[in-house]
Amino acid sequence: MSIEQIIRVKIIEAIEKCYQQTVDANLVQLQNTRKEFEGDITLVVFPFVRMSKKSPEQTAAEIGDYLKANVEEVSSYNVVKGFLNIVISSDYWISVLNTIISTANYGITEPTDASKLVMVEYSSPNTNKPLHLGHIRNNLLGFSLCEILKANGNKVVKTNIVNDRGIHICKSMYAWKMWGNGETPESTGIKGDHLVGNYYVKFDQEYKKEIAALIAQGETKENAEQNAPSMQGARELLLKWEAKDAETIALWQMMNQWVYAGFDVTYKALGVDFDKIYYESETYLYGKNEVLRGLAEGVFYQKEDSSVWADLTAEGLDQKILLRSDGTSVYMTQDIGTAKERFQDYPIDKMVYVVGNEQNYHFQVLSILLDKLGFEFGKGLHHFSYGMVELPQGKMKSREGTVVDADDLIEEMTEVSRKTSEELGKLDGYTPEQAAETYKMIALGALKYFILKVDPKKNMLFNPEESIDFNGNTGPFIQYTYARIRSILRKAADRSIAVNPDVKVSAEPGAKELQLIKVISQFPTAVNEAGEGYSPALIANYIYELVKEFNQFYHESPILAEENEEIRNLRLVIAETAGKTIKTGMKLLGIDVPERM
RNA sequence: GUCUCGGUAGCUCAGCUGGAUAGAGCAACGGCCUUCUAAGCCGUAGGUCUUGGGUUCGAAUCCCAACCGGGAUACCA
């Protein structure tokens with residue numbers, strides 16, 4: 001039981017004893033005491049003055065007296081207006097510190113066989129172009145969310161649905177056949193996903209030229225778009241693909257393999273991975289059966305043109321198409337099939353989709369449709385919806401060339417990281433390989449933290465020129481603090497100053513030490529809240545608060561030069577605990593921390 | 001039109017189950033490297049929390065309305 005829980009229970013008890021009133025636990029508003037006042041936990045007493053029929057100050061004093069007399073951990077209290085500031089004894093904080101330092105995996109709950117199984121879908125790329133900044137936000141949020149869910153004691157299956165079929169990939173295939181001259185990633189040295197992406201762009205360019213030419217010949221815009229040779233070629237490939245034409249399938253497989261190889265490199269650089277990958281080419285037909293079953297059971301209805309629809313007006317929504325008039329599947333149909341497939345493959349307790357907020361409506365409808373089809377899991381789907389990444393000039397548009405490519409971005413940031421590190425000359429003792437690894441760690445730390453620290457549901461602005469900084473509230477700042485803590489501990493070891501976790505800390509901590517211990521002790525709460533709120537940003541904000549606190553401490557309080565052995569030991573233990581917390585927290589964000597930088 | 005999400009310092013963002021004087025970073029200005037790493041620390045300046053009502057001891061936070069912006073909205077994914 002945390003100290004806050006103990007206090008809460010005792011306050012309820014106090015009010016029962018003093019005023020003979022029963023209070024609901026959520027009326028007890030506890031908060032961390034503001035720094036300018038003395039105390040650790042503050043109770044807002046206004047809700048209780050009605051019960052005491054006394055002034056706020058008097059009520060606070062009475063509750064305070066009761067707590068001091070009946071709660072071992074409460075050493076004193078003070079009252080400011082209607083706020084009861086409760087002082088927790090330093091013995092208690094020391095015991096917390098001793099517990100943390102001697103617990104192997106504090107705050108982290110390891111999953112067991114009885115744990116809930118959460119499946120998280122994230123990434124979900126198309127195979128016609130490389131990953132860009134929008135995918136980066138998705139991947140980072142998805143991966144971090146999985147880590148947080150695991151830390152909260154869930155079993156997690158990370159999954160990715162690859163949109164590997166459809167007209168988009170046929171466009172790239174057509175362009176490669178027409179203008180590719182047999183180019184491969186090997187022959188050109190171009191990363192596979194970029195090569196395929198180049199042909200997608202090539203297609204668009206040629207297509208536009210053809211349309212312009214046709215319009216110049218007097219065709220209408222609509223006709224031109226329909227009849228342009230390249231579009232016809234792409235459609236023909238799609239038909240051949242669906243007819244399982246051997247040559248087309250072979251080309252499709254070859255080009256998709258290029259893309260997968262390219263994606264793997266990017267995923268690896270980002271440090272994300274998956275336990276199970278679904279391919280739309282393998283699942284896209286399943287949903288159709290479900291829709292037809294729903295039609296047969298009268299859940300859905302059919303129009304004269306033989307398209308199939310769901311009527312969602314009872315739910316306050318519109319009509320939703322599920323099968324086109326030609327009988328082919330739409331996006332929704334596929335997602336129904338994929339969901340069913342997944343729940344057959346795994347004993348899923350909770351399904352989470354990490355998908356952008358432009359699809360909020362889609363997932364609202366998906367949930368209802370699955371429920372209508374009789375799947376119990378339908379209502380429990382969770383759409384982890386996140387906002388878009390915008391550039392200073394507005395939305396990213398691939399056709400206008402305003403996308404920020406994931407690989408380019410990582411490379412540029414690594415370069416900036418290298419330059420900065422070299423100027424500062426802090427890795428001089430490292431081998432080139434060790435140094436390169438650290439540059440990359442710092443670059444990725446900057447990128448990941450920058451994206452993860454903002455509230456997922458909000459749109460965010462990304463300015464490639466200015467946004468990514470290495471100073472201030474950034475990943476590198478946190479990494480830097482960690483590296484310094486490690487440095488302190490190394491030097492302590494060199495000087496044979498023992499940091500023995502088994503030796504219990506006994507010194508009387510000062511205000512600064514207490515402040516740090518308090519922040520550190522709140523780590524499990526932060527992990528828990530981040531899991532409930534599905535928000536890596538909560539973790540990021542917590543770590544930043546801790547790191548900032550530690551830096552101030554570090555500047556004011558000598559550790560190695562401290563004469564008093566007990567205080568030195570206390571501070572070393574605090575440093576070690578802070579480092580441990582930072583590293584564990586950063587792991588939840590998927591960010592590595594270097595031993596030195 | 002309807003639904004939905006947002007609007008907090010010049011910029012990027014915290015804070016939102018109602019609580020004390022609204023916080024950080026960047027940018028600007030001024031200090032601090034013979035001490036454990038200056039990717040740091042300290043200080044100055046910067047706010048009608050879009051606007052107007054309401055709820056109450058108390059509102060950036062909850063409710064209503066307006067304005068501005070993003071997104072979705074029957075055969076793209």
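Proteins get letters first, then strands, A, B, ... in listed order; numbering begins at 1 in each. All values below come from the heavy atoms of this structure, side chains included, with hydrogens, waters and symmetry mates left out.
A donor N or O paired with an acceptor N or O is found under 3.5 Å between the base of A20(B) and the side-chain atoms of T42(A). Checked by distance alone, D311(A) brings no side-chain donor or acceptor within 3.5 Å of a matching partner on the base of A74(B). For C75(B), the base has no donor-acceptor partner in the side chain of D326(A) [N/O atoms by modelled type, under 3.5 angstrom].
A salt bridge is absent between R568(A) and E563(A): the closest approach of a Lys/Arg side-chain nitrogen to an acidic carboxylate oxygen does not fall below 4.0 angstrom. The residues K419(A) and E423(A) are annotated as not salt-bridged, no charged nitrogen and carboxylate oxygen being separated by less than 4.0 angstrom.
Residues Q479(A) and R484(A) bring no donor and acceptor atom of their side chains to less than 3.5 Å of each other.
Counting non-hydrogen atoms under 4.0 angstrom, I488(A) reaches the backbone sugars and phosphates but no base.
Nucleotides G19(B) and A59(B) have their C1' atoms positioned 10 Å apart, rounded to a whole Å. The gap from the P atom of G25(B) to that of C41(B) amounts to 8 Å, rounded to the nearest Å. Remark: the separation of the P atoms in U8(B) and U55(B) is 27 Å, to the nearest Å. G53(B) and U73(B) have their C1' atoms separated by 32 Å, with the value rounded to a whole Å. Atom name C1', nucleotides C11(B) and U37(B): the rounded distance is 30 Å, in whole Å. Across U21(B) and C62(B), the matching C1' atoms stand 23 Å from one another, rounded to whole Å.
Against the 90° criterion about 0, the sugar-base torsion of C49(B) places it in the anti range.
The shortest heavy-atom contact between C170(A) and A234(A) is CB-O, 3.6 Å.
For the OP1/OP2 pair of U37(B) and a distance below 4.0 Å, the side-chain nitrogens and oxygens of S487(A) include at least one atom meeting the criterion. Contact annotation: K303(A) does not reach the phosphate of C75(B) (side-chain N/O to OP1 or OP2, under 4.0 Å). Side-chain nitrogen and oxygen atoms of N471(A) include at least one within less than 4.0 Å of the OP1 or OP2 phosphate oxygen of G40(B). Contact annotation: R484(A) side-chain N/O to C41(B) OP1/OP2 distance is not under 4.0 Å. Within the 4.0 Å cut-off from OP1 or OP2 of A14(B), at least one side-chain nitrogen or oxygen of K458(A) is found.
Residue F83(A) and nucleotide G19(B) are not classified as a stacked aromatic pair, given the requirement of ring centres less than 5.5 Å apart at an interplanar angle below 30°. Residue side chain W309(A) fails the stacking definition with respect to A74(B), as its ring centre and the base's six-membered ring centre are not both under 5.5 angstrom apart and under 30 degrees in plane angle. The aromatic ring of F46(A) sits over the base of G19(B), with ring centres less than 5.5 Å apart and planes inclined by under 30°.
Per the geometry, NE2 belonging to H555(A) stands 8 Å off P belonging to C42(B), to the nearest Å.
A donor-acceptor pair under 3.5 Å is formed between the side chain of H383(A) and the backbone N or O of V355(A).
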